[in-house]
Chemist: 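Here's a structure for you.
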Amino acid sequence: MSNKVAIIAANGGLFDAYKVFNIATAAAASEKEVQIFFTFEGLNFIHKQAMHALEMPAGKEHFAEGFKKANVPSIPELVEMAIELGVTFIACQMTMDVMGLTKEDFVDGIEVGGAVTFLEYAKDAAPTLTF
Amino acid sequence: MIQANEQLDAKGLSCPMPIVKTKKAIMGLDQGQVLEIQATDKGSTADLAAWASSVGHQYIGTVEENNVLYHYIRKGSNEPEVEKAFEHTVALEELETCKGLILDVREAAEYAFGHIDGAKSIPLGELESRLAEVDKNEEIYVICRTGKRSDLAAQLLVKNGYPKVYNVLPGMNEWNGNITKEI
């Protein structure tokens, strides 16, 4: 049985962020090795400013109340927790170049890599998830 | 009230926080100790049971009281299996025809979630200080979950002069007879 979980975060909305970080922190708490590859809009989740202003899908804004009521942790809190649990963050170099971003625009402790970096990790991971 | 070594308050927290908090809390416990997790997240029952089995802890059970879920998990061990040393054993199937005292040496929380009717509860860690509660003249059938703790308890009883002691194998995890609950 593989002890590795590989996640691709490719979308940048608030709902997408919860899917990524809930699975990632739950897996890390279950003593799995977890790596998340952030690409395109997924980079929002670890961007120092953007992570605080993630948007809900159009027309779903009314869920804000539900998030508050359910006492769901904020995305910056989940990011911090994931780091604390040892989850590895890989930011996609190509997307960073396209968007004109540098490592300093992101939370501390991330790694920067390309598609091969992720593929190498994911080759024996189960499951590999894309959000 | 079910006895536990530590309590964790995860009330009001949603998934995955009860699991994340439990992982942190259980690191502070010794192997074999019991953690009580108080949660209001309805998904936490299934999550904690799956989590415990995945990382090698024992999920004992859950009770609900005033909309709060009380989960009980016993910390598992990463130590290798020790060879059982106590020679006098009886098989679980023979227990129904045995006369004497069934001594259940699992933790109080495990006992509360299901034990053989009439069994007496003294957790292994308390046995030495509670020997006065066990009659020397009786035949004593010591049981735990898998036979490991009862093996140690049986040795302890013999060392303290108990002449008729048997370790019941394998243990409650294979027991299919009636059980009594105290929850």
Side-chain angles (χ1 to χ4, degrees), chain A residues 1-7 9 14-36 45 51 54 56 60 63-89 109 125-129 131, chain B residues 6-31 33 35-60 62 64 66-80:
Chain A
M1 195 180 78
S2 171
N3 201 42
K4 289 161 88 176
V5 175
I7 301 172
L14 186 68
F15 288 8
D16 305 302
Y18 278 108
K19 294 167 197 168
V20 167
F21 289 109
N22 278 27
I23 295 281
T25 51
S30 305
E31 287 163 29
K32 309 272 187 211
E33 189 186 338
V34 185
Q35 189 165 308
I36 310 173
F45 304 165
M51 70 193 286
L54 299 172
M56 301 221 192
K60 307 280 183 195
F63 281 117
E65 203 183 328
F67 273 98
K68 212 172 164 189
K69 219 171 124 193
N71 194 19
V72 175
S74 71
I75 291 302
E77 281 169 337
L78 282 170
V79 167
E80 200 184 314
M81 202 176 309
I83 293 171
E84 201 185 316
L85 288 164
V87 174
T88 307
F89 292 169
T128 294
L129 306 164
F131 294 102
Chain B
E6 293 283 346
Q7 271 88 26
L8 169 68
D9 184 358
K11 294 193 289 289
L13 300 176
S14 67
C15 169
M17 293 312 295
I19 295 290
V20 172
K21 294 259 183 198
T22 300
K23 180 205 154 62
K24 286 185 190 163
I26 212 154
M27 289 198 290
L29 265 68
D30 290 334
Q31 176 210 322
Q33 288 190 321
L35 177 67
E36 175 187 283
I37 302 116
Q38 305 160 0
T40 46
D41 168 23
K42 296 270 183 268
S44 62
T45 305
D47 269 9
L48 279 167
W51 175 81
S53 111
S54 142
V55 299
H57 303 306
Q58 176 196 346
Y59 169 72
I60 300 172
T62 298
E64 187 172 357
N66 301 326
N67 293 320
V68 178
L69 298 160
Y70 295 85
H71 307 290
Y72 296 88
I73 290 180
R74 180 169 165 262
K75 184 167 179 172
S77 83
N78 297 316
E79 289 171 25

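For clarity, every value in this text was computed on a predicted model and none was experimentally measured. Just so we're on the same page: letters track the sequence lines, and every chain starts at 1.
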Chemist: Tell me, please, which residues at least two apart from A:I75 pass side chain to side chain contact (heavy atoms under 4.5 Å, CB included).
Modeler: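 In terms of side chain to side chain contact (heavy atoms under 4.5 Å, CB included), with neighbours along the sequence ignored, A:I75 is linked to A:L14, A:A17, A:Y18, A:F21, A:L54, A:L78, A:V79.
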Chemist: Distance check, rounded to the nearest 0.5 Å: B:D41 atom CG versus A:N71 atom CG?
Modeler: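 Output value for this atom pair is 10.5 Å.
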Chemist: Of the backbone (N, CA, C, O) and the side chain (C-beta and beyond), which part of A:I23 lies under 4.5 Å from a heavy atom of chain B, both, or neither?
Modeler: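 Neither the backbone nor the side chain of A:I23 comes within 4.5 Å of chain B.
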Chemist: Between A:A29 and B:V55, what is the shortest heavy-atom contact and its length?
Modeler: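 Heavy-atom minimum between the residues: O-CG1, 4.5 Å.
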Chemist: More than 12 non-hydrogen atoms from neighbouring residues, nucleotides or ligands closer than 6.0 Å to NZ on B:K42, yes or no?
Modeler: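 Yes - once you tally the heavy atoms of other residues, nucleotides and ligands closer than 6.0 Å, there are more than 12.
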Chemist: Please tell me if the side chains of B:K23 and A:L85 come closer than 4.5 Å, counting only heavy atoms from C-beta onward.
Modeler: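 Yes, side chains in contact.
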Chemist: Between atom CE of B:M17 and atom CD of A:E77, what is the distance when rounded to the nearest 0.5 Å?
Modeler: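 Between atom CE of B:M17 and atom CD of A:E77 there are 8.0 Å.
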Chemist: Could you check whether atom NZ of A:K4 has more than 12 heavy atoms from other residues, nucleotides or ligands sitting under 6.0 Å from it?
Modeler: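 It does: A:K4 NZ has more than 12 such atoms within range.
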Chemist: Can you tell which of A:A26, A:S30, A:A70 has the highest number of heavy-atom pairs within less than 4.5 Å of chain B?
Modeler: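 Highest number of pairs under 4.5 Å: A:S30.
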Chemist: Quick check: are there more than 12 heavy atoms from other residues, nucleotides or ligands sitting under 6.0 Å from CD of A:E80?
Modeler: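 Open: at most 12 neighbouring heavy atoms sit under 6.0 Å from CD of A:E80.
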